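One structure is given here, and the rest of the page talks about it.
This is a predicted model, so every value here is computed, not measured. The figures that follow rest on heavy atoms only: side chains count, while hydrogens, waters and symmetry mates do not.
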Amino acid sequence: MSSRLIGVGVGPGDPELVTVKGVNALRAADVVVVPVMDSGERGRAEATVLHYVPAGKVVRVVFALNERTDRARREAAWDAAGERVAGLLREHGAVAFATIGDPHVYSTFTYLAHTIVELVPDTVVETVPGITAMQELAARSGAVLTEGTEPLTLVPVTAGAAVLKDALAGPGTVVAYKFGRLAGEVAEALRETGRIGDAVWGSALGLPEESVRPAAELDGEPLPYLSTLIAPPRRDGGRGGKL
């Protein structure tokens, strides 16, 4: 029988936000892989997984999660991680990969799955969706992501603040991920586009150190890397005005 690689979205950090299907997939797998930047680190995905499976079932695999400048190092890390998981798949019938948020939204799982189908061609790849940081921030702050016919644009600020500014100049709500290191430039872009008044940001969502604040309070100081921003459009039409 073919082995199965299951990408399981475990949400933004609050273990109560893992879906029932996600918990069942984690428990049913023979091994649960969690990505780390070095073998001595417990990441957010692992901390969430340990609420549902014993530590002895969890395997840490090193990924170059934040490597953007040294492509050779990044590729080597992906290859090594792929080989490690491929070895697990050859030994076990089902391997789950826990990823924060959702497996199909800026997740390391997509790179791993691409590698695995080349290394172990008969592997069946499956995914279990997870709650995203934008959904959790909307719930914690009361910010409405979309109304009526509004579009929703998701931007990783690792692509640069200029990409965010272009999105803010357009219609609908703009969500920014991973903007912490460029918080000052993000605040400037919000002010220049007239979006700062209703915008909110959050980090460590659902965790004891959670912070959810108005974007107007951004002072240019760097924030945690995994900070999330929601910048809604102006909504002056009253109830149903965007229909």
Can you find a pair of side-chain heavy atoms, one from [X] and one from [Y], that are under 4.5 Å apart?
{"X": "Tyr225", "Y": "Lys178", "answer": "yes"}
{"X": "Leu5", "Y": "Val85", "answer": "yes"}
{"X": "Pro12", "Y": "Ile100", "answer": "no"}
{"X": "Val125", "Y": "Val117", "answer": "yes"}
{"X": "Thr228", "Y": "Thr132", "answer": "no"}
{"X": "Val212", "Y": "Leu137", "answer": "yes"}
{"X": "Val36", "Y": "Val61", "answer": "no"}
{"X": "Val49", "Y": "Val58", "answer": "yes"}

Go through the steps for Val23 and Val20 under the test side-chain contact (heavy atoms from CB on, under 4.5 Å), then give the verdict. CA-CA 5 Å; Val23 171; Val20 173; 5.8 Å; no
Side chain [X], main chain [Y], donor-acceptor under 3.5 Å:
{"X": "Arg4", "Y": "Ala94", "result": "no"}
{"X": "Tyr52", "Y": "Pro15", "result": "yes"}
{"X": "Arg195", "Y": "Leu168", "result": "yes"}
{"X": "Glu185", "Y": "Leu182", "result": "no"}
{"X": "Lys57", "Y": "Arg27", "result": "yes"}
{"X": "Ser2", "Y": "Asp122", "result": "yes"}
{"X": "Thr48", "Y": "Arg44", "result": "yes"}
{"X": "Glu83", "Y": "Ala80", "result": "no"}
{"X": "Glu210", "Y": "Gly206", "result": "yes"}
{"X": "Ser3", "Y": "His92", "result": "yes"}

Partner of Pro232 under side chain to side chain contact (heavy atoms under 4.5 Å, CB included), chosen from Leu145, Val144, Asp198: Asp198
With Trp201, which of Ile230, Leu190, Leu223 fulfils side chain to side chain contact (heavy atoms under 4.5 Å, CB included)? Leu223
Indicate the atoms forming the closest heavy-atom contact of [X] with [Y], along with that distance.
{"X": "Ala96", "Y": "Val8", "answer": "CB-CG2, 4.2 Å"}
{"X": "Thr99", "Y": "Ser107", "answer": "OG1-OG, 2.8 Å"}
{"X": "Thr173", "Y": "Pro233", "answer": "OG1-CD, 3.2 Å"}
{"X": "Tyr177", "Y": "Ala133", "answer": "OH-N, 3.5 Å"}
{"X": "Ala138", "Y": "Ala143", "answer": "CB-O, 3.3 Å"}
{"X": "Val34", "Y": "Ala45", "answer": "CG1-C, 4.4 Å"}

Tell me whether Glu16 at atom CD has more than 12 heavy atoms from other residues, nucleotides or ligands lying less than 6.0 Å away. no
Does Arg191 CZ have over 12 foreign heavy atoms under 6.0 Å away? yes
Give the cluster check for [X] versus [Y]: same hydrophobic cluster or not, with ILVMFWY residues linked at side-chain heavy-atom distances below 4.5 Å.
{"X": "Ile196", "Y": "Leu229", "value": "yes"}
{"X": "Val163", "Y": "Met134", "value": "no"}
{"X": "Ile6", "Y": "Leu26", "value": "yes"}
{"X": "Leu88", "Y": "Trp78", "value": "yes"}
{"X": "Phe179", "Y": "Leu205", "value": "no"}

Rounded distance (nearest 0.5 Å) linking atom [atom1] of [X] with atom [atom2] of [Y]:
{"X": "Ser227", "Y": "Arg181", "atom1": "OG", "atom2": "CZ", "answer": "10.5 Å"}
{"X": "Thr127", "Y": "Asp102", "atom1": "OG1", "atom2": "CG", "answer": "7.5 Å"}
{"X": "Thr115", "Y": "Leu112", "atom1": "OG1", "atom2": "CG", "answer": "6.5 Å"}
{"X": "Ser141", "Y": "Glu136", "atom1": "OG", "atom2": "CD", "answer": "9.5 Å"}

side-chain hydrogen bond (donor to acceptor under 3.5 Å, both in side chains) involving Ser203 - partner list, sequence neighbours excluded: none
Residue pair Leu164, Val174: steps toward the side-chain contact (heavy atoms from CB on, under 4.5 Å) verdict: CA-CA 8 Å; Leu164 173 63; Val174 176; 3.7 Å; yes
Worked check of side-chain contact (heavy atoms from CB on, under 4.5 Å) between Val175 and Leu152: CA-CA 8 Å; Val175 174; Leu152 175 64; 3.9 Å; yes
Just do the side-chain contact (heavy atoms from CB on, under 4.5 Å) check on Val32 and Val59 with the steps written out, would you? CA-CA 6 Å; Val32 178; Val59 175; over 6 Å; no
Do Thr110 and His104 get their side chains close enough for a donor-acceptor pair, meaning under 3.5 Å? no
Relative to each other, are the rings of Phe97 and Phe109 parallel, tilted or perpendicular (30° and 60° limits)? tilted
